[in-house]
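Hydrogens, waters and symmetry mates are skipped; everything else that's a heavy atom, side chains included, is used. The structure displayed is predicted, hence computed values, not measured ones.
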Number of protein chains: 2
Amino acid sequence: MPRHKEFSESELLQTAVLLFWEKGYCDSSVDELIKRSGVAKYGIYATFGSKRALFKAVLKQYAEDRKKDIQKPLRQQQAALPEIVAFFSSLPAKLTKKDFQYGCLMANTGMELGLRDDEFSRMVKTFFEQTTEVMKACLDRAVELKQIDPQVDTEILARFLVNEFRTLLMLSSSGHKKRELKLQMETALTLLPLT
Amino acid sequence: MPRHKEFSESELLQTAVLLFWEKGYCDSSVDELIKRSGVAKYGIYATFGSKRALFKAVLKQYAEDRKKDIQKPLRQQQAALPEIVAFFSSLPAKLTKKDFQYGCLMANTGMELGLRDDEFSRMVKTFFEQTTEVMKACLDRAVELKQIDPQVDTEILARFLVNEFRTLLMLSSSGHKKRELKLQMETALTLLPLT
DNA sequence: ACTATTTCATACTACTTAGTCTGATATTAT
DNA sequence: ATAATATCAGACTAAGTAGTATGAAATAGT
């Protein structure tokens with residue numbers, strides 16, 4: 001019997017992702033989302049319920065999207081050391097492209113709300129913990145394939161590498177250019193016991 | 001002829017530092033500062049002019065304060081390798097004490113405004129560039145004292161160490177506990193060519 | 001065609017925001 | 001004491017905030 005929606009929920013969500021990505025949680029407003037998406041306030045609240053719930057959906061969508069693009073090299077079945085190196089090598093260019101002009105929403109949210117909102121903080125931590133597991137799996141395969149010293153503690157090294165990843169995200173969100181990211185990445189790869 | 005102020009400018013500034021440190025720029029309000037400081041709106045605007053100018057003064061004050069406490073080990077005349085190690089070793093405990101319960105205002109501001117506000121971004125970058133210079137001076141002394149390999153590029157290593165510092169600040173602002181900071185710091189110190 | 005139901009656009013509430021203005025008050029040089 | 005001047009408390013403006021309410025319009029099963 002009902003009239004049906006005039007907008008696409010997934011398009012609305014993508015617009016919301018871009019908005020929160022650009023401005024963070026506190027500085028984004030529902031009115032701004034109305035302007036950008038063309039969707040009426042009713043539609044937004046009927047779909048998501050509140051700004052908070054909307055942001056939760058945004059964080060989930062963002063996490064899925066990043067697993068599929070920027071983290072893809074690491075999440076391939078056979079990924080090992082060469083994929084780790086390729087992943088880091090590609091970051092300075094990727095993080096300074098237009099798609100990433102506002103840094104990383106996960107890293108940004110961790111800094112904005114990590115000490116003030118348990119639920120969102122938890123989501124960010126979970127995202128990077130999952131990334132750590134993926135990284136550890138790559139390192140374990142690298143050990144199997146004798147690509148790295150078998151004495152390495154892959155758990156600890158995986159954490160360190162993910163923090164190196166986060167460092168690059170932080171630098172890009174803090175306005176640093178490709179050159180600086182590249183220097184940081186290369187220094188890290190040189191220092192690490194990856195051969 | 002004039003009536004004189006009923007409040008201390010430096011106390012007002014310190015209260016403002018704490019407020020912005022806790023909530024960031026966007027989410028802090030002048031009304032909240034009035035409540036916390038007891039100073040009337042007139043007094044705040046007569047002293048600083050605008051929220052923006054107030055935040056500028058806050059960033060300056062914060063930078064000075066951190067040079068005098070947390071960075072002090074590195075800024076001693078004779079600081080070299082032992083002081084660098086001591087500096088990093090002390091961070092996990094210091095960054096999780098009550099004084100630092102809101103992370104680092106410089107690191108936080110870099111993430112909040114690094115891509116959206118040139119002037120504040122510049123101030124944050126300058127702060128960490130100055131820290132890099134101090135770190136490089138320590139490394140150069142360490143080379144002189146034969147504490148580290150003279151082949152090391154102290155400029156590049158200094159940048160890397162300061163980014164390691166920023167990583168610890170980022171982790172603490174993102175809600176990570178002392179144990180995780182300690183693990184990151186120890187891994188970094190193990191990997192670096194510091195002996 | 002009619003009716004039930006949902007969406008739409010928009011007005012609205014209640015609150016917060018940065019910043020200004022005002023009239024009373026306190027101080028100090030004369 | 002008086003006059004000049006700066007500060008104080010609080011009212012005020014204009015805009016923005018999250019979220020709700022409302023009447024009109026559209027749709028689909030009967």
Enquirer: Judged by each residue's nearest nucleotide on DNA chain C, which is more toward the 5′ side, A/Ala46 or B/Asp31?
Expert: A/Ala46
Enquirer: Has A/Ser29 got a side-chain N or O lying under 4.0 Å from the OP1 or OP2 atom of D/dG16?
Expert: no
Enquirer: Would you kindly give the NZ-to-P distance between A/Lys23 and D/dA18, to the nearest whole Å?
Expert: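 It works out to 11 Å between those atoms.
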Enquirer: Can you measure B/Tyr45 atom OH to D/dT13 atom P for me and round it to whole angstrom units?
Expert: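 Spelled out: OH on B/Tyr45 to P on D/dT13 is 17 Å.
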Enquirer: Please report the distance, rounded to the nearest Å, between CD1 in A/Ile34 and C1' in D/dT17.
Expert: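 In whole Å, D/dT17 C1' and A/Ile34 CD1 are 11 Å from each other.
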Enquirer: NA contact type, A/Ser28, heavy-atom cut-off 4.0 Å: base, sugar-phosphate, or nothing?
Expert: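 If one applies the 4.0 Å heavy-atom cut-off, A/Ser28 turns out to touch the sugar-phosphate alone, with no base involved.
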Enquirer: Work out which heavy atom in A/Ala80 is nearest to a heavy atom in A/Ala142; give both atom names and the distance.
Expert: CB-N, 4.0 Å
Enquirer: Given A/Phe48 and A/Phe55, is the ring pair (Phe, Tyr, Trp, His ring centres under 6.0 Å) satisfied, shown in steps?
Expert: CA-CA 9 Å; A/Phe48 296 104; A/Phe55 187 59; over 10 Å; no
Enquirer: Rounded off to whole Å, could you give me the CG-to-P distance for the B/Leu33 and C/dG19 pair?
Expert: 13 Å
Enquirer: Can a donor-acceptor pair under 3.5 Å be found between the side-chain atoms of B/Lys41 and the base atoms of C/dG19?
Expert: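 Answer is yes: a donor-acceptor pair is held.
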Enquirer: Under 4.0 Å: is that the gap between some side-chain N or O of B/Tyr42 and OP1 or OP2 of D/dC8?
Expert: no
Enquirer: Answer yes if the side chains of A/Asp140 and A/Thr154 hold a donor-acceptor pair under 3.5 Å, and no otherwise.
Expert: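 On atom types as modelled, these side chains qualify, holding a pair under 3.5 Å.
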Enquirer: Can you tell me how far C1' of C/dT7 sits from CD1 of A/Ile44, to the nearest Å?
Expert: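 Whole-Å distance recorded here is 14 Å.
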Enquirer: Among B/Phe87, B/Phe127, B/Phe88, B/Phe160, exactly one meets ring-ring contact (aromatic ring centres under 6.0 Å, His included) together with B/Phe165. Which residue is that?
Expert: B/Phe87
Enquirer: Please give, in whole Å, the distance from C/dA18 P to B/Lys35 NZ?
Expert: 11 Å
Enquirer: A/Glu32 has an atom CD; how far is it from atom C1' of C/dT17, in whole Å?
Expert: 17 Å
Enquirer: Nearest-Å distance, CG (A/Asp27) to C1' (D/dG16)?
Expert: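 Atom CG in A/Asp27 sits about 11 Å away from atom C1' in D/dG16.
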Enquirer: Please compare B/Val39 and A/Arg52 by the position of their nearest nucleotide in DNA chain D and report the one closer to 5'.
Expert: B/Val39
Enquirer: Flag the pair A/Tyr62 / A/Phe20 as yes when their ring centroid distance falls below 6.0 Å, and as no otherwise.
Expert: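 That pair fails the under 6.0 Å test.
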